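Values below: every heavy atom of this structure, side chains too, minus hydrogens, waters and symmetry copies. Just so it is clear, the structure is predicted and the values come from calculations on it, not from any experiment. Just so it is clear: chains get the letters A, B, ... in the order the sequence lines come, proteins before strands, and each one is counted from 1.
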Number of protein chains: 2
Amino acid sequence: MNAAEIREFRDACSAAGIAVTHQRQVVWQALRSMHGHPSPEEIYERVRPRIPAISLATVYKNIHLFIESGMFREVSLHHGSMRVETNPEPHHHLVCRVCKSIRDIDAETLGVAGKPRRLPDGFLAERYAIDILGLCAKCQKSM
Amino acid sequence: MNAAEIREFRDACSAAGIAVTHQRQVVWQALRSMHGHPSPEEIYERVRPRIPAISLATVYKNIHLFIESGMFREVSLHHGSMRVETNPEPHHHLVCRVCKSIRDIDAETLGVAGKPRRLPDGFLAERYAIDILGLCAKCQKSM
DNA sequence: CTATTAAACGATAATAATTATCGTTTGTCA
DNA sequence: TGACAAACGATAATTATTATCGTTTAATAG
Ligand SMILES: [Mn+2]
Ligand SMILES: [Mn+2]
Ligand SMILES: [Zn+2]
Ligand SMILES: [Zn+2]
């Protein structure tokens with residue numbers, strides 16, 4: 001809305017090497033104005049009042065560009081389908097953001113321990129699931 | 001395959017209040033024999049040589065039953081669609097396994113800190129994503 | 001060891017999320 | 001002010017998952 005925000009958006013686009021389009025800016029501002037963890041559909045519904053003719057595909061394309069360029073992040077990586085854990089031992093995961101591989105790592109090797117005291121809003125913790133996001137050795141080489 | 005495993009499967013079924021069927025047992029054994037984090041399709045392909053007539057739907061149904069009854073777990077909860085993070089601050093999440101709500105929690109409140117030293121296989125860590133899985137206050141009451 | 005009955009199964013249609021295609025429009029840059 | 005690649009909208013296609021429904025099977029009571 002304001003000038004500083006528009007400048008920030010333009011700078012982010014040029015840093016990412018993408019064009020400054022009206023649709024892109026409105027999607028970006030919608031995300032800026034939203035709280036929580038919206039789905040593409042929810043973002044679409046937020047954008048539609050401003051650009052009634054926008055396509056859901058455009059929203060998807062721009063979300064992906066924003067994530068690739070680091071302007072926003074995904075809450076958790078999608079693997080395309082559900083995955084079943086076959087390792088019954090308590091452990092955590094190394095997840096590669098490029099090839100999406102998942103490797104087990106036990107809490108000891110990881111060096112984080114200890115359940116917390118009390119959680120906000122009376123949340124009852126049953127399990128800690130730590131994903132370390134990054135690059136596997138193979139994907140580091142191919143860059 | 002062996003008697004002890006079959007006994008374990010039968011006990012788990014009766015504890016879960018579900019019938020002992022041939023298909024169910026083969027899916028269970030397939031999961032037992034697999035490593036890593038297989039998808040329903042991969043489990044299906046593993047089961048097919050033993051029961052060529054099995055339906056993919058049956059594999060899905062049994063995976064869900066196994067997860068509901070605690071015989072296996074999902075690698076990470078599915079929210080049905082991708083979610084975009086709107087909070088630019090580093091933080092973690094409280095995820096309710098019943099209503100699938102996601103609440104932000106900052107690392108400080110959580111009381112876990114510290115990047116680890118070196119990760120196995122040359123994995124390059126870029127970000128820690130901690131999901132605390134459990135029950136939100138509302139879902140605790142409705143039980 | 002049967003008969004009853006609810007649960008489970010297989011086939012397949014339906015749904016939901018996401019991606020691909022393609023002709024048209026619009027930024028970018030010289 | 002063009003030329004051209006990038007982006008857009010419409011929509012078809014794909015993928016993952018779930019629902020439906022007629023048939024088969026496991027549980028169990030007698
Ligand atoms: Mn694992
Ligand atoms: Mn968050
Ligand atoms: Zn990788
Ligand atoms: Zn809940």
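- Residue Leu65(A) is the one, among Leu65(A) and Met82(A), whose nearest nucleotide of DNA chain D lies closer to the 5' end (criterion: closest heavy atom).
- Taking the ring centroids of His93(A) and His37(B), they lie under the 6.0 Å cut-off.
- More than 12 non-hydrogen atoms from other residues, nucleotides or ligands lie less than 6.0 angstrom from CZ of Arg83(B).
- His79(A) has its side chain within reach of Ile102(A): a pair of non-hydrogen atoms, C-beta onward, lies under 4.5 Å apart.
- Thr86(A) approaches Gly36(B) most closely through the heavy-atom pair OG1-O, 2.8 Å.
- Between Phe9(B) and Trp28(B), the two ring planes are tilted [angle within 30° to 60°].
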Requested in this report: Go through His92(B) and Ile132(B) one step at a time and tell me if the side chain to side chain contact (heavy atoms under 4.5 Å, CB included) criterion holds.
Outcome: CA-CA 8 Å; His92(B) 303 296; Ile132(B) 303 177; over 6 Å; no
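- The distance from atom CZ of Arg24(B) to atom C1' of dA6(C) is 13 Å, rounded to the nearest whole Å.
- Against DNA chain C, the stretch residues 32-39 of chain B makes no heavy-atom approach under 4.0 Å.
- With hydrogens and angles disregarded, no donor-acceptor distance shorter than 3.5 Å links the side chain of Asp121(B) to the backbone of Phe123(B).
- Listed for the Asn2(A) side chain is a donor-acceptor partner under 3.5 Å among the backbone atoms of Ala4(A).
- Between the Gln140(A) side chain and the Leu135(A) main chain, a donor and an acceptor come within less than 3.5 Å of each other.
- For the atom pair Glu89(A) CD and Asp106(A) CG, the distance stands at 9.5 Å (nearest 0.5 Å).
- Between Leu56(B) atom CG and dT15(C) atom P the separation is 19 Å, expressed in whole Å.
- Residues from residues 68-81 of chain B that place a heavy atom under 4.0 Å from any atom of DNA chain C, listed by number: Gly80(B), Ser81(B).
- Helix-axis bend for the helix from dC1(C)-dG30(D) to dA30(C)-dT1(D): the local axis fitted to the five terminal pairs at one end deviates from that at the other end by 40°, rounded to 10°.
- Side-chain atoms of Glu126(A) never come within 3.5 Å of backbone atoms of Arg97(B) as a donor-acceptor pair (strictly under, hydrogens ignored).
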Identify all pairs in which a protein N or O lies below 3.5 Å from an N or O of nucleotides 24-29 of chain C, and state each distance.
from    : atom 1 : to       : atom 2 : distance (Å)
dT28(C) : OP1    : Val20(A) : N      : 3.0

Query - side chain to side chain contact (heavy atoms under 4.5 Å, CB included) evaluation trace for Leu65(B) with Lys61(B) - result: CA-CA 6 Å; Leu65(B) 284 172; Lys61(B) 289 174 209 163; 5.5 Å; no
Report task. Mind running side chain to side chain contact (heavy atoms under 4.5 Å, CB included) on Tyr128(A) and Ile130(B) for me, showing each step along the way? Result -> CA-CA 7 Å; Tyr128(A) 270 53; Ile130(B) 305 182; 4.2 Å; yes
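- Under the salt bridge (Lys or Arg N to Asp or Glu O under 4.0 Å) criterion, the residue pairs touching residues 18-47 of chain B are Glu5(B)-Arg32(B), Glu8(B)-Arg32(B), Glu45(B)-Arg48(B), with sequence neighbours excluded.
- With rounding to the nearest 0.5 Å, the separation of CD1 in Ile67(B) from CE in Met82(A) is 3.5 Å.
- Taking every nucleotide of DNA chain D with any atom under 4.0 Å from a non-hydrogen atom of chain B, the first and last of them, 5' to 3', are dA16(D) to dA27(D).
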